[in-house]
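The structure under discussion appears below in the form of structure tokens.
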Amino acid sequence: MPRLLNLSVPPTTRLAVGGVFVFSFLHAFLRYRSYDPSAKEAQTEPSILVMVPALSYFFPWVFLTATFVETNIITLLLTAVVLLNGGRYLERAWSSRELARFLAIVSVVPNIVAFFICVFTYAITGYSNLIYAAIRGSTSIQSAFLVCFVQLVPEHSINLFKGTLHLRVKRLPAIYLLVITILAPFYNFLAVIQAWTGFLAAWMYLRFYKTNVIDLTTGTGMKGDASETFALAYFFPEPIQSIVAAISISVFNFFCAIKVVAPFSAAEVERQTQQRSAMHGRAAPGGARAEAERRRALALKALDMRLASSNRSAHLPPAQDSIVIPAAVDSEPSPVTKASD
């Protein structure tokens, strides 16, 4: 707990970590108070802090608070560690307000999607267990944070088991989603929905809506991240990237048609791709690399000319009975003017 109260932790991160502990313990207390040992059927969890589709319309705030409720100590500690480290990193990279907005989006949107999936499934199949199931947990935040790290440090590698296993950050979202999906029969089907929708909500927000500073000299910015290396297909293994790209392009065109997102121009895509390449220490491809080489060649040529001009001026002896006017910087040597009798 002293670590959580450390003032070096930014305010939004402290609030999020504290909220997980407060809401989780409060929910446990409510479950204990409402528990009926004589009941023969499974009891519905209290719907004041978690989302129960059949009851949640009475408590609209649960679409946010449900993400910060954990029901066992292991997931509670895991969520606290993820929020503490990931939130602190993102809050310092962005701002407290931006992190708060991001957490709200990746918390509320997945819960809304899960809510409607449960309702539609019940309407079609009549299976009532889903609308009385509790939707809670931070899997959406965990997958969303991985998307942020792919944008900020995609080429960073994580070494596991004393360096025997290397994982690049840009592969972590796909691995996380795969593990959550495989464990769905043993864990929680609704958590899979939250993880995938959290991933997509985070990517869409960063891709199309978040304002990013793209020029450090002028401070000008634009919405979204149009770089090719942040396309949706980039998050998945190469064998299926073409399939993901084809599907995502079709969905993107539909969203553009209904004015949900705005298409990027070719100049924006190229400029931001070059900036991401420079930011992450990779050689810039195409025209930007040629332009850099051209400017370097011109700078070297200008430097050689100045050095040669300086050497000629230094070794030229002054004429007798004459006055030599010193040469100005970056100009030809002044002619020698003979003194008059």
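- Between Phe149 and Leu90 there is a side-chain heavy-atom pair separated by less than 4.5 Å.
- Between Val169 and Pro154, the closest side-chain pair of non-hydrogen atoms is not below 4.5 Å.
- Annotation: side chain of Tyr89 is not in contact with side chain of Trp94 (no heavy-atom distance under 4.5 Å).
- The distance from the SG atom of Cys148 to the CG atom of Leu99 is 8.5 Å, given to the nearest 0.5 Å.
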Requested in this report: Check step by step if ring pair (Phe, Tyr, Trp, His ring centres under 6.0 Å) holds for Tyr122 and Tyr127.
Outcome: CA-CA 5 Å; Tyr122 169 72; Tyr127 186 65; 9.1 Å; no

Report task. Check the pair Ile135, Leu190 against side-chain contact (heavy atoms from CB on, under 4.5 Å), reporting the backbone distance first and the verdict last. Result -> CA-CA 7 Å; Ile135 300 174; Leu190 295 175; 3.5 Å; yes

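- Annotation for Leu178: hydrophobic cluster partners, listed by chain and number, are Ile182 (ILVMFWY side-chain heavy atoms under 4.5 Å, direct or chained).
- Summarising the geometry of Gly198 relative to Val106, their closest heavy-atom pair is O-CG1, 4.3 Å, with the distance given to 0.1 Å.
- Here the closest heavy-atom approach between residue Tyr234 and residue Lys170 is recorded as OH-CD, 2.9 Å.
- Aromatic ring centres of Phe255 and Phe208 lie farther apart than the 6.0 Å criterion allows.
- Distance alone, capped at 3.5 Å, is enough to place a donor-acceptor pair between the Ser95 side chain and the Glu98 backbone.
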Query raised in the report: Are Leu84 and Val9 close enough, and set up right, to give a side-chain contact (heavy atoms from CB on, under 4.5 Å), and what steps lead you there?
Result: CA-CA 8 Å; Leu84 178 63; Val9 180; 3.9 Å; yes

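- A donor-acceptor pair shorter than 3.5 Å can be found between the side chains of Trp196 and Thr181.
- Using modelled atom types and a 3.5 Å distance limit, the side chains of Tyr176 and Gln142 yield a donor-acceptor pair.
- To the nearest 0.5 angstrom, Leu206 atom CG is 8.0 Å from Leu152 atom CG.
- Residues Glu91 and Arg88 are not paired through a salt bridge, judged by the lack of any N-O separation under 4.0 Å between the basic side chain and the carboxylate.
- Residues Thr197 and Val109 are not in side-chain contact: their nearest non-hydrogen atoms beyond the backbone lie 4.5 Å or more apart.
- Minimum interatomic distance between Leu64 and Ala104 (heavy atoms only, all atoms of both residues): CD1-CA, 4.3 Å.
- Put simply, Leu130 and Ile124 are part of two different groups of oily side chains (I, L, V, M, F, W, Y) that touch within less than 4.5 Å, one to the next.
- Note that the CZ atom of Arg14 and the OG atom of Ser96 stand 9.0 Å from one another [nearest 0.5 Å].
- A donor-acceptor pair is defined here as one N or O able to donate and one able to accept, closer than 3.5 Å; such a pair exists between the side chain of Arg207 and the backbone of Asp225.
- Side-chain atoms of Ser250 and Asn253 form no donor-acceptor pair, as typed in the model, at a separation below 3.5 Å.
- The line from OG1 of Thr75 to CD of Glu70 is 4.0 Å long, rounded to the nearest 0.5 Å.
- The structure places CG of Leu49 at 12.0 Å from CZ of Arg31, a figure rounded to the nearest 0.5 Å.
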Report task. Would you check, one step at a time, whether the test ring pair (Phe, Tyr, Trp, His ring centres under 6.0 Å) holds for Phe235 with Phe230? Result -> CA-CA 8 Å; Phe235 289 83; Phe230 197 63; 5.5 Å; yes

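- Rounded to the nearest 0.5 angstrom, Ser143 OG and Trp203 CH2 are separated by 14.5 Å.
- Nearest approach of Val52 to Ile131, heavy atoms of both residues: CG1-O, 3.5 Å.
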**Report entry** Trace of the side-chain contact (heavy atoms from CB on, under 4.5 Å) decision for Thr71 with His27
**Finding:** CA-CA 8 Å; Thr71 55; His27 179 68; 4.1 Å; yes

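- Cluster membership check: Leu200 shares its hydrophobic cluster with Phe252, using side-chain heavy-atom separations under 4.5 Å among Ile, Leu, Val, Met, Phe, Trp and Tyr.
- Scanning both residues, Ser107 and Asn111, for their nearest heavy atoms gives O-ND2, 3.0 Å.
- More than 12 heavy atoms of other residues, nucleotides or ligands shown are found within 6.0 angstrom of CD1 on Ile258.
- Residues Phe25 and Val62 fall within the same hydrophobic cluster, defined by Ile, Leu, Val, Met, Phe, Trp and Tyr side chains chained together at heavy-atom separations under 4.5 Å.
- Grouping the Ile, Leu, Val, Met, Phe, Trp and Tyr side chains by contacts below 4.5 angstrom, directly or via other members, places Val260 with Val251.
- Annotation for Val50 and Ser56: closest pair O-OG, 4.4 Å, computed over non-hydrogen atoms.
- Ring centroids of Phe21 and Phe68 are separated by 6.0 Å or more, keeping the two rings apart.
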Requested in this report: Just do the side-chain contact (heavy atoms from CB on, under 4.5 Å) check on Arg101 and Tyr205 with the steps written out, would you?
Outcome: CA-CA 10 Å; Arg101 182 185 298 114; Tyr205 175 69; 3.3 Å; yes

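- Considering only heavy atoms from C-beta on, Ile193 comes within 4.5 Å of Ile117 through its side chain.
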**Report entry** Criterion side-chain hydrogen bond (donor to acceptor under 3.5 Å, both in side chains) on Gln194 and Ser140, from CA distance to verdict
**Finding:** CA-CA 5 Å; Gln194 289 177 298; Ser140 60; 5.2 Å; no

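- Val179 and Leu146 fall within a single hydrophobic cluster, where Ile, Leu, Val, Met, Phe, Trp and Tyr side chains are chained together by heavy-atom contacts under 4.5 Å.
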